[in-house]
Amino acid sequence: MFDNTVSLAGSLPLNALHKTWPSLEVKELVGGEICSLTALHGGVSALRTKFQNEYGALLPAQGKVVSFDTGFLFCSAPEQWFVHLNIENAFLDIELGAVLETRAAVTLQTDAWARVAIIGEDTPQVLERLMALNLSDQAFPMGSAVRTLLGHLNVFIVRGDKASDIYEIWCARSFANSLAHEICVAAENVCG
Amino acid sequence: MSQTYRINGGQIDRSQLIDFTFDGKRYQGYAGDTVASALLANGVKLVGRSFKYHRPRGIFSAGSDEPNALMTIGEGARITPNTRATVAEIYEGMTVRSQNRFPSLNFDILAVNDVLAPFLSAGFYYKTFMWPAVFWEKLYEPMIRRAAGLGALSGEPDPDQYDKGFLHCDVLVIGAGPAGLMAALVAGRAGLHVILADEDFQMGGRLLCEHEQINSDASLTWVNQVIAELSSMTNVRLMNRTTVYGVFDHGIYGAVTRNTDHLAVKTKRPRETLWRIYAKRSVLASGATERSIALSNNDRPGVMLASAVRAYANRFGVLCGKRVVVVSNNSDGLRTADVLRAAGVEVPEVLDARQLVMPFDIYGKKAVRAIKFSDGRKVDADCIAIAGGWNPNIQLTCHKRGRPVWRDDIAAFVPNKDAITSEMDVAGAANGSFSTHQCLHEGAQAGERIVRALGKNAATVDLPQADDQPFEITPFWEVKGNTKRAWVDPQNDVTTKDIKLAVQEGFRSVELLKRYTTLGMATDQGKASNVLGLAILADCLGQSIPETGTTISRPPYTPVTISAFAGTSRFEHFRPVRETPSHNWAKEQGAVFVSAGLWNRAQYFPKPGETHWRQTVDREVIATRSSVGICDVTTLGKIDIQGPDAGEFLNRVYANAFAKLAVGKCRYGLMLREDGFAMDDGTAARFSDTHFVMTTTTANAVSVYRHLEFCRQCLWPDMDVKLISVTEQWAQYAVAGPNARKLLQKIVDKEHDVSNEAFPFMACGEITVCHGIRARIFRLSFSGELAYELSVPARYGDSLIKALVSAGEEFDVVPYGTEALGVMRIEKGHAAGNEINGQTTAKQLGMHKFVSNKKDCIGKFLSGREGLNEEDGSCLVGFKPVRQTDVLNAGAHFIGLGELNNAENDEGYLSSIAYSPSLKSYIGLGFLKRGQERIGQEIRAVDLLRGTDVQVTVCSAHFIDPKGERLRV
């Protein structure tokens, strides 16, 4: 029987996946909203200034991550950034667009991504089985982000610039189960 | 039998006694033994049968070059054939079996081949099985294939896991002998990221096999010190049991690590890991392989390489015989006699083959009994140790076409420094430098060169003091004058006679010789035989070895398990799968899924009692057309297009006009390729002056997005427009049927009016549903019914479809899948992937009026080509069978009534067919020459592949509601 008083419940791409091994933890990251920002009118510097005024953070260079009080952002492509804010608001793109006025094309992306964190000592050993990218501290220090392949999956790898060193893997939502499978098999092969 | 050939010393762990079986018989060895060393310790001489003649064979070498001792190891599904006993570590309970024999190793019926040897010379099957021709496929080839081959797979699925990985380093050192250890030490101390890989389970290379001194101490002490230091460095990764099998472009090396083959209890860990190693530089320190001398019956069990005899004594504490004759043509081979005598072995003769007296023949069938010399003497012996010189292991220098060069002083090929990849240094024996001192020196030099090249300062590393005796050799390849066969390649049963025969028959090139005789093929890839073979070829041709040339190696250096290449890409890992947010809901409804690209899409939703898929699809179609149905269309490509120039951008990428599309409206769009053919179709919805959302077909979502980015970035970089895919962001559902609006009105929040007046056909808008949930609504129809597409952020997709189904209960709502979707679009006459297939034009699709005359667009110019606009060109029309019960087949070709079925009479083809439950008949869409002019005519749909010939009537492609009235109510 249809209950027209009930709203819709949100679901996570991986149903809050959380698995642990002795030196490794794999968990789905939940919460927050993500929007893409792209400068319009060729106005990268205008957008940079506006964003800094509003959020106190500089738009980072290609491959870099910057954290600020209410979230973080990274450069996802030339003149394109993904900003993650610690709020729940499915209208964020509209509100952020208003804040940034006409300086940016803003698009909601929260639901487009499954986000998985890999944490622990064995993280490098697991990641080296999943992707060709050089993730050593020298090549990919904290505060780095890059788009690459994990197995056959197109992903972002985001290594935050905060003290807690975790690797976030962002993968298109429809591939979430394939992502989890890839990571968990690699984790089992290394840590199991 | 209990290790009667075991002596003191070696690097085995005598505290760990290990039981294993060989051909069902129990033996014992120690941890640190290989199968070969353990069998030799137990006095086992006969370990295999040769490939062609099934001659008894024994262990020949002590490394990965072993041609004879190929074993089947393991049990059940874990059987691994063709494993070289010389590199397989023993473990408790190991099962080892010999191969290529029937019924037993000791008595092999096919040994009769040896008697028939005169008929089985090189290329015999090319010559022998010529007649009668029909026998080849039915008899000869199956018979030869049955007789050929060595070990066999279990035939069961591989139970093990395999893994892949990627490593990065400044320098990859290949081989952990004296040169490799020294190079790694220098590079490691300089702070470079070093990977040191060695195929052996123990690092040290040849130093493990010799009793030498380094810095006045046992060489092993130095080895252990260096390994300990390297292990303590965080910038150095030591990888034993790891074979670097290939060198590829851009500093990429292939390697495979054997993780569990040596373990008695197979863990869940991957059996092997295949590595792709990215290295800025590399040092090849792969050592050298000793070669034999061709003399009569030199393949008998007990005939071995002298260095192997030494290795078994020094490294494994095993004697290969108790009365050993040494035959050598170089200074190194003579050291074997010293080692054996020191171990208490009787060495009745040490024959320097450079002298007048030569070995002439070897006696003994299943084990060596004696050797006869050219002066007529016959000496009893149970082992013949032959030292024919050393071949540097240069294979990896050849993988990028680095053809090696010949050095007369060592009678061997060495890497051509001008031809090998610039990122690679070669050091030590692999470079033709055989003394330990030279190896250490060259390793240190290579390390220093790389350290400097990579901009670091080389730390001071004192060069250890070590043996520096020069290597002296007088090339001696073959004992002539004996009519008996002398083996060149024991693995492939290639003898000197085969080589001479090949030359006689005109196969004078070394490449042809290899393929005609099979010299240097199979698991050892010529490590034991190539140089010897081409020396004999050169002698036959009366020219030098450099003039004769050499084959060059390709990857892999040693055999690599096929499963290792597959890695984790098996079963569900073979490819990723895409699922929509309501996938689990569809699964719960019993949906049958179809793979569409990577998407798993619900194809149809069978109900209890439905025994055929078409019953289900018919029900879904009828229910949708009579009331309402819901279809998950999340998989459609969705592209967010923003910016002041967004309208103009769409104007240029679509054939039809978009710049003046009103806000709040959608429009169907046809996209052309540059060549004027149709590329994709879809819709674009305008949410503001500067914001559009484009939809594409599921199949072309990526290619359209890529095309748009190409246009934006390369063709019109001045346009102020931005794109991003939102396919994943929004879950989208089609709600179609006469009751679609009534259903939606229960879901859509009251402040949004979706009545026909307020929200007409082709309207779009931002709304909220279910008490404030953000949504977008598009009044579009693929089915031809009153329909809407409703999208919500993907997080709400699952609960939205549940809410829609629940709200639709009073209308008997049905979920429908891609099959019903396909039926309804054919009934409506909508082109889809079968029609917009990359080979059709707007004109053929009946959409030539879409190509606007008022503006330019991608593909417009070339769509005007004469060939694409012929008057008698084919165009899209509908087809119905004349007899209502006839079945149509997609792909059938149209042939005129009474005409022959040939290409000349071919007038087009059926692109899509479906059974229409609405019309109770099969219907089809297809391309027919002058189709629009032939409405009402009859023609035949002929499918020669399926053997059908159906008379059809040409009709409008719009079978249902041709005026489009249902859409607009």
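Every heavy atom of this structure was used, including side-chain atoms; hydrogens, water molecules and symmetry mates were not. To find a chain, count down the sequence lines: A is the first, B the second, and so on, and within it residues start at 1. What you see is a predicted model; the values in this text were computed from it and never measured.
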key: A/Phe74/A/Trp170 aromatic ring centres below 6.0 Å   = yes
query = Does A/Glu101 pair with A/Lys50 as a salt bridge, N-O distance under 4.0 Å?
reply = yes
Interchain contact, A/Leu153 with chain B, by part (heavy-atom threshold 4.5 Å) = side chain
ask   = Looking at B/Lys722, B/His573, B/Glu810, B/Glu766, which one has more heavy-atom pairs under 4.5 Å with chain A than the rest?
value = B/His573
request  = Please name the pair of heavy atoms, one in B/Arg276 and one in B/Ile252, separated by the smallest distance, quoted to 0.1 Å.
outcome  = CG-CG2, 3.4 Å
query = With a 4.5 angstrom heavy-atom cut-off, which part of A/Gln138 approaches chain B: side chain, backbone, both or neither?
reply = side chain
ask   = After noting the C-alpha distance and the side-chain angles of B/Arg575 and B/Ser595, does the key distance pass the side-chain hydrogen bond (donor to acceptor under 3.5 Å, both in side chains) rule?
value = CA-CA 12 Å; B/Arg575 63 175 188 169; B/Ser595 189; 2.6 Å; yes
query = If you draw the axis of the six-membered ring of B/Phe687, does the NZ or CZ of B/Arg776 fall within 45° of it and under 6.0 Å from the ring centre?
reply = yes
task = Heavy-atom distances under 4.5 Å only: say whether A/Val106 touches chain B with side chain, backbone, both or neither.
result = backbone
ask   = Given the side-chain rings of B/His250 and B/Tyr278, with only the six-membered ring counted for Trp, is the space between their centroids under 6.0 Å?
value = no
query = If you count heavy-atom pairs under 4.5 Å between each of B/Gly643, B/Ser799, B/Ser725, B/Pro581 and chain A, which one has the most?
reply = B/Ser799
key: B/His193-B/His168 aromatic ring centre distance below 6.0 Å   = no
request  = Look up atom CG in A/Leu92 and atom CG in A/Leu108, then write down how far apart they are to the nearest 0.5 Å.
outcome  = 6.5 Å
ask   = When heavy-atom pairs shorter than 4.5 Å are enumerated against chain A, which of B/Val805, B/Thr568, B/Leu800, B/Asn600 gives the highest number?
value = B/Leu800
inquiry  = Please tell me whether A/Phe156 and A/Trp113 form a close aromatic pair, meaning their ring centres lie under 6.0 Å apart.
reply    = yes
When B/Arg269, B/Gln729, B/His691 are compared by non-hydrogen pairs under 4.5 Å with chain A, the top option = B/Gln729
task = Measure distances from A/Ile34 to the heavy atoms of chain B and classify the residue's part below 4.5 Å as side chain, backbone, both or neither.
result = neither
inquiry  = I'd like to verify something: which residue of A/Thr5, A/Thr102, A/Val190, A/Asp3 has the highest number of heavy-atom pairs under 4.5 Å with chain B?
reply    = A/Thr5
request  = Select one option (side chain, backbone, both, neither) describing which atoms of A/Ser136 are under 4.5 Å from chain B's heavy atoms.
outcome  = neither
request  = Using a cut-off of under 4.5 Å on heavy-atom pairs, state which of B/Gly808, B/Gly165, B/Cys770 scores highest against chain A.
outcome  = B/Cys770
remark   = Heavy-atom closest pair (B/Glu272 atom, B/Asn259 atom, distance to 0.1 Å) is C-ND2, 3.5 Å
inquiry  = Counting only non-hydrogen atoms closer than 4.5 Å, does A/Ala39 touch chain B with its backbone (N, CA, C, O), its side chain (CB onward), both, or neither?
reply    = backbone
Pair B/Glu579, B/Trp599: side-chain N/O donor-acceptor within cut-off below 3.5 Å = no
message = So which residue, A/Leu40, A/Thr107, A/Asp111, ends up with the most heavy-atom pairs under 4.5 Å with chain B?
response = A/Asp111
ask   = Taking A/Glu33, A/Glu79, A/Gln125 one by one, which has the highest count of heavy-atom pairs under 4.5 Å against chain B?
value = A/Glu33
query = Can B/Glu728 and A/Ser174 be counted as having a side-chain donor-acceptor contact under 3.5 angstrom?
reply = yes
Which of B/Asp798, B/Ile724, B/Asp640 touches chain A most, by non-hydrogen pairs under 4.5 Å = B/Ile724
request  = Could you tell me which of A/Thr110, A/Leu179, A/Leu127, A/Leu12 has the largest number of non-hydrogen atom pairs under 4.5 Å with chain B?
outcome  = A/Thr110
ask   = Taking only residues two or more places apart in sequence, or in another chain, which ones meet A/Ser7 in a side-chain hydrogen bond (donor to acceptor under 3.5 Å, both in side chains)?
value = none
note = Okay, B/Trp275 and chain A: the region with an atom under 4.5 Å from a heavy atom over there is side chain
note = Within residues 742-749 of chain B, contacts to chain A at heavy-atom distances under 4.5 Å involve B/Lys746, B/Ile747
remark   = The interface call for A/Asn189 against chain B, heavy-atom contacts under 4.5 Å, is both
inquiry  = Test your reading of the model: is there a side-chain donor-acceptor pair from A/Thr70 to the backbone of A/Asn86, 3.5 Å cut-off?
reply    = no
key: Structural part of A/Leu133 lying under 4.5 Å from a heavy atom of chain B   = backbone
request  = Please flag which part of B/Ser582 lies under 4.5 Å from any non-hydrogen atom of chain A: side chain, backbone, both or neither.
outcome  = neither
query = Side-chain contact, heavy-atom cut-off 4.5 Å: B/Cys169 with B/Ile277?
reply = yes
query = Where does B/Pro644 contact chain A at under 4.5 Å (heavy atoms): side chain, backbone, both or neither?
reply = side chain
inquiry  = Within the 4.5 Å heavy-atom criterion, are A/Gln109 and B/Val726 side-chain neighbours or not?
reply    = yes
